[in-house]
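Notes to accompany the following structure.
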Amino acid sequence: MSCHEIRESLEGYIAGDLDDLEASRVAEHLATCPACAVAYEETRLLVGELKDLRNAFQPTCVFEEVPDVSAYARKREDAAGREGAAGLERHAAPGDGARGTRGGVPGRSWSRAWAVAAAVLLVALVGALAVATVPSLAQKLPLPVGSAIADLEHENQLMRAQNQAMRDRIDKLEARVNELTGDDVNVVPTSEDDVPDEVTMAVQQVVIEFITAQYAGDLERMKELATPALQARIDASPDEYLRDGAGTVSIAQMTDVSIYEGLYMTFVRMSDTKEFTDSQYQENFGVKKLGETYLVESMETDA
Amino acid sequence: MDDLQLVEAARRGNDRAFAVLVRLHERALYCTAFSILGSSWDASDAVQDAFLEAYARIDTLRDASRFKPWLVRILVNGCYDALGRRRRLVPVGETVEPPATGERPARASTGQPEEAHAFIGTEAQLDLFRALRALDEGDRMVLALRYFLDLKVGDVATALDIPAGTVKSRINRALGRLAQGLGRHAPLEVAQ
């Protein structure tokens with residue numbers, strides 16, 4: 001092929017439009033002809049600049065790309081996994097894993113309930129964030145498309161408001177938990193249950209006090225914070241609950257509170273300085289309200 | 001959801017699906033119309049008209065996978081119409097309106113509609129846009145369709161109703177002229 005023919009084909013070569021034979025001929029020529037190689041680079045640069053020019057226009061009315069809902073759901077799960085939320089759904093059987101020997105109430109697993117609650121939440125979030133905003137341009141379209149777009153926008157505003165409300169609520173819970181623990185605790189929303197914030201805070205408080213007593217080796221305090229049923233189990237096998245000698249505990253993450261079979265539940269991810277300083281384990285708490293007092297009814301350990 | 005599913009849903013009367021199609025394609029159509037017409041107001045009108053026409057005629061689109069070239073064809077025809085109208089109205093020639101920048105005062109004060117899009121590009125991009133705008137209509141049309149809308153040569157040919165070979169040579173020529181407009185030499189020409 002002559003230089004002239006090569007130049008004619010360069011644009012298609014850059015776009016990937018040439019068939020394999022043509023493309024390999026162009027490539028061979030470029031490898032041996034410096035002038036055409038320069039032309040190739042210059043053309044590629046110019047084409048790239050042109051393609052980028054699209055992005056130089058910013059819609060003043062926000063025009064988000066419509067995300068692929070399924071891809072978004074995967075991304076969301078990945079993000080949750082990085083934050084450790086996925087860990088809340090990853091339950092090992094009692095006795096499984098490094099911390100499994102630390103106890104747990106056999107025969108009762110909340111894992112499924114939590115996983116379902118988390119899945120419901122995930123769907124709600126995906127539904128919320130998959131709705132993009134509307135262009136004012138398109139709002140000028142006549143009914144009924146204009147109204148369909150207006151509906152999208154309206155729903156989107158509602159969802160954004162809900163997301164913001166959730167974020168505000170979590171911020172508030174985190175501030176409270178951080179105050180109680182002195183740790184930088186990440187509060188993870190897991191449930192759509194309408195547990196009032198004061199209940200969530202009371203439940204989280206008793207749980208944090210219980211954990212503190214576990215690490216202080218303070219059996220009496222633990223029992224004060226426990227229902228009679230749990231007191232009996234603590235008496236029967238105190239070693240499953242005591243953490244004295246495990247060093248200092250640090251709480252990394254807590255869920256907000258959900259209701260399952262009449263119990264307030266929260267999961268806590270933490271690490272201590274005894275064995276695996278950089279590994280976390282999880283305690284799953286069930287809390288009951290007896291009279292005016294919130295008491296721990298059950299605690300199981302997850303790896 | 002890809003275009004195909006959305007178009008099929010829209011053809012069955014799902015306005016929400018059409019609304020999503022509007023959102024997906026609006027920006028690329030707008031940039032294309034702007035580069036052809038040189039006026040953000042005209043471009044906005046052309047894009048809006050194209051969507052209106054597409055909405056009204058979507059049941060005539062036989063092959064849903066051809067939605068984008070079909071939509072572009074509608075837009076291009078609309079741009080030709082707008083250019084034709086302008087020639088009748090403004091015989092002294094085209095005016096070239098620079099793309100609006102973010103700093104530009106709001107049009108509301110002058111009673112004109114709010115700017116639909118702001119130019120947020122670099123100085124170099126503004127130069128490129130001006131060079132593009134300085135090309136003749138046919139040249140900037142092929143470049144806009146090829147690079148803003150990512151159309152295949154065959155689809156550009158369909159949209160403009162010219163042979164694919166003509167599209168190829170016109171793209172090469174337009175790239176050369178664009179490079180020269182930027183003070184570079186035309187890369188696709190072989191030095192004598």
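Below, chain A is the first sequence line, B the second, and so on; all start at residue 1. Not measured: the values here are computed from a predicted model.
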Ignoring hydrogens and angles, tell me if any N or O in the side chain of [X] forms a donor-acceptor pair with the backbone of [Y] under 3.5 Å.
{"X": "B:R177", "Y": "B:D139", "answer": "no"}
{"X": "A:E5", "Y": "A:S2", "answer": "yes"}
{"X": "B:N172", "Y": "A:E8", "answer": "yes"}

Taking side chain as everything from C-beta outward and backbone as N, CA, C, O, which of these in B:K152 sits under 4.5 Å from a heavy atom of chain A? Side chain, backbone, both or neither.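 Contact with chain A is through the side chain of B:K152 alone.
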Answer with side chain, backbone, both or neither: which region of B:I171 has an atom nearer than 4.5 Å to a non-hydrogen atom of chain A? side chain
If you count heavy-atom pairs under 4.5 Å with chain B, which of A:D52, A:L10, A:I6, A:D17 comes out on top? A:D17
Look at the aromatic rings of B:H25 and B:F67 and report parallel, tilted or perpendicular, splitting at 30° and 60°. tilted
